[in-house]
Amino acid sequence: MRGRSGLGGGAPWTRGRTARALTATTAAASLAALTACGAAGEAGGGAGDASGEGGFTIGLLLPDVHTARWATADKPLIQAKVKELCPGCTLLHAYASADVATQQQQIESMIAKGAKVLILDPVDDKALRSSVARARDANVPVVSYDRLADGPVSAYSSYDSEEIGRIQAQELLKAMGPKARGGEIVMMNGDPTDPNTRDLRKGALSVLEGKVKIAKSYYTGGWIPENAFRNMSAAIAELGPDRIDGVLSANDGLAGGIVTALKAAGVKPLPPVTGQDADLSAVRRVVKGEQYMTVYKSFEAEAEAAARMAVALGRGEKLDDIAKDRVSNGTNDDIPAVLGPLVAVTAANVKDTVVKSGLYSVGQICTPALEAACRKAGLTG
């Protein structure tokens with residue numbers, strides 16, 4: 001993310017109200033679960049009666065089927081907010097299976113079906129530039145979602161990815177203790193075509209450089225957990241299980257693959273591993289001590305902002321009252337944006353963050369297998 005303003009005050013992370021599981025006894029079972037977490041259909045669905053007064057069609061285009069949050073949080077939250085703001089509107093949605101050509105075709109299809117606005121989370125920010133321009137030529141404004149697309153986008157709803165990278169790196173160094181000076185880490189970046197990957201890496205390196213040695217660094221195609229598993233397994237084989245003092249993981253899905261690889265290789269104790277998204281499976285790993293931290297981002301706040309901007313643009317309204325930030329994507333230096341707040345979540349503050357916010361209940365987090373860990377974390381008596 002390339003932004004020019006702050007995140008805003010208060011503690012709006014308390015607005016989250018969504019929930020998202022990964023349990024495994026073997027490496028193969030873990031990887032199967034990681035894949036299943038994001039599975040979802042390719043077709044769209046409605047959000048209200050399009051025959052209602054002032055109704056129009058909004059297209060929602062999400063990048064893949066293996067990231068849990070798209071189907072379990074973002075899509076239903078956007079759908080519900082659109083229905084609340086515009087009962088007569090219809091929301092069509094599609095998942096691109098991490099394939100640029102598929103998403104390009106989906107954009108064309110949405111335009112052909114009469115979508116008046118698109119909410120687009122691009123598989124590849126640069127490769128989708130021509131499609132964004134095509135939408136503009138068809139008088140269909142594009143709200144870029146979570147990842148900032150190139151081209152003439154009309155609005156953006158997301159988070160400061162550089163700040164997320166800084167938070168992850170700071171927390172990793174804290175967890176490494178004395179090894180935070182001169183220790184060796186593995187850096188597991190996201191998909192190289194995702195602009196958030198570049199910003200996350202930039203933010204993390206601004207904290208890590210000069211403090212630890214990055215012994216191995218990988219880009220994880222498609223943000224796929226199985227790819228992170230393979231990369232981590234290769235790092236363990238090359239470096240040895242005793243030379244990995246920490247793992248900078250770009251998100252929770254990758255962290256799941258990383259932890260599975262570490263456990264499969266018999267690495268004990270597990271090195272601290274970072275993440276982001278506060279997936280339920282990741283929060284459980286944090287409580288259990290298998291993942292050191294995650295970054296909680298209110299999906300509700302991000303989805304609400306995108307829905308508000310899409311409905312406003314569909315009605316021909318200005319965004320001044322919704323979007324207080326401005327970002328640049330190289331094409332436009334003045335894109336109205338809403339950048340949400342960020343919170344680092346560790347075992348020490350799970351109760352005061354994701355539980356207090358209503359994101360998850362203690363019952364959702366504390367499975368019978370985590371009974372002892374939940375008592376230690378102060379979640380249960």
Side-chain angles (χ1 to χ4, degrees), residues 12-22 33-50 52 55-98 103 106 110 113 115 117-123 143-147 155-159 223 251-253 276-283 294 296-312 314 322 338 340 354-355 357-361 363-365:
W13 51 265
T14 59
R15 297 159 62 189
R17 292 290 184 277
T18 63
R20 287 157 299 274
L22 181 126
L34 284 162
T35 303
C37 272
E42 298 291 325
D49 180 4
F56 51 88
T57 299
I58 297 172
L60 172 63
L61 299 115
L62 295 166
D64 60 62
V65 297
H66 53 259
T67 301
R69 58 170 289 192
W70 306 135
T72 60
D74 301 78
K75 181 260 178 179
L77 285 168
I78 290 172
Q79 188 172 44
K81 195 63 184 180
V82 166
K83 187 172 184 179
E84 175 190 327
L85 296 170
C86 182
C89 286
T90 296
L91 183 75
L92 302 177
H93 73 277
Y95 301 88
S97 301
Q103 195 164 59
Q106 289 170 343
M110 294 280 190
K113 290 177 180 177
V117 184
L118 299 179
I119 300 173
L120 169 67
D121 190 336
V123 170
V143 177
S144 199
Y145 186 71
D146 201 68
R147 304 166 182 171
Y156 182 48
S157 178
S158 189
Y159 302 87
W223 292 91
N251 81 351
D252 289 339
Q276 70 162 310
D277 290 338
D279 288 344
L280 180 55
S281 56
V283 173
T294 184
Y296 174 33
K297 311 174 298 185
S298 171
F299 299 140
E300 184 178 48
E302 184 182 24
E304 177 179 322
R308 285 188 178 279
M309 291 190 287
V311 170
I322 304 171
V338 177
V354 295
V355 173
S357 73
L359 181 66
Y360 304 118
S361 68
Q364 287 176 295
I365 297 169

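All figures in this text were calculated on a predicted structure; none of them were measured in a lab. Atom set for the values below is all heavy atoms of this structure, side chains included, hydrogens, waters and symmetry mates excluded.
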Identify the two heavy atoms, one from [X] and one from [Y], that lie closest to each other, and give their separation to 0.1 Å.
{"X": "Pro122", "Y": "Leu120", "answer": "CD-O, 3.4 Å"}
{"X": "Val82", "Y": "Cys89", "answer": "CG1-CB, 4.0 Å"}
{"X": "Glu302", "Y": "Ser158", "answer": "OE2-CA, 3.5 Å"}
{"X": "Gly59", "Y": "Ala115", "answer": "N-CB, 4.2 Å"}
{"X": "Leu280", "Y": "Tyr360", "answer": "N-OH, 3.0 Å"}
{"X": "Ala303", "Y": "Leu77", "answer": "CB-CB, 3.6 Å"}

Trace of the side-chain contact (heavy atoms from CB on, under 4.5 Å) decision for Gln276 with Tyr159: CA-CA 12 Å; Gln276 70 162 310; Tyr159 302 87; over 6 Å; no

From CA spacing to verdict: side-chain contact (heavy atoms from CB on, under 4.5 Å), Lys113, Leu92: CA-CA 9 Å; Lys113 290 177 180 177; Leu92 302 177; 4.0 Å; yes

By side-chain hydrogen bond (donor to acceptor under 3.5 Å, both in side chains) - contacts of [X] (at least two apart):
{"X": "Gln103", "answer": "none"}
{"X": "Asp146", "answer": "Arg69"}
{"X": "Thr294", "answer": "Asp252"}

Working for side-chain contact (heavy atoms from CB on, under 4.5 Å), residues Arg308 and Leu85: CA-CA 7 Å; Arg308 285 188 178 279; Leu85 296 170; 3.7 Å; yes

Within-4.5 Å side-chain heavy-atom neighbours: Lys75 and Leu62: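 Answer yes - side chains close enough.
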
Tyr296 side chain near Ser357 side chain, heavy-atom distance below 4.5 Å: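 Sidechains of Ser357 and Tyr296: in contact.
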
Judged by atom type as modelled, is there a donor-acceptor pair below 3.5 Å linking the side chain of [X] to the main-chain atoms of [Y]?
{"X": "Ser157", "Y": "Tyr145", "result": "no"}
{"X": "Thr67", "Y": "Trp70", "result": "no"}
{"X": "Asp277", "Y": "Asp279", "result": "no"}

Rounded distance [0.5 Å steps], OG1 in Thr57 versus CE in Met110: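 Nearest 0.5 Å value for the OG1-CE distance: 10.0 Å.
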
Spacing of CD belonging to Gln79 relative to CD belonging to Glu84, to within rounding of 0.5 Å: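 Between atom CD of Gln79 and atom CD of Glu84 there are 13.5 Å.
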
Pair Val123-Asp64, side-chain contact (heavy atoms from CB on, under 4.5 Å): steps then yes or no: CA-CA 8 Å; Val123 170; Asp64 60 62; over 6 Å; no

Listed partners of Arg147 passing salt bridge (Lys or Arg N to Asp or Glu O under 4.0 Å), at least two apart: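 By the salt bridge (Lys or Arg N to Asp or Glu O under 4.0 Å) rule, Arg147 matches Asp121, Asp194.
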
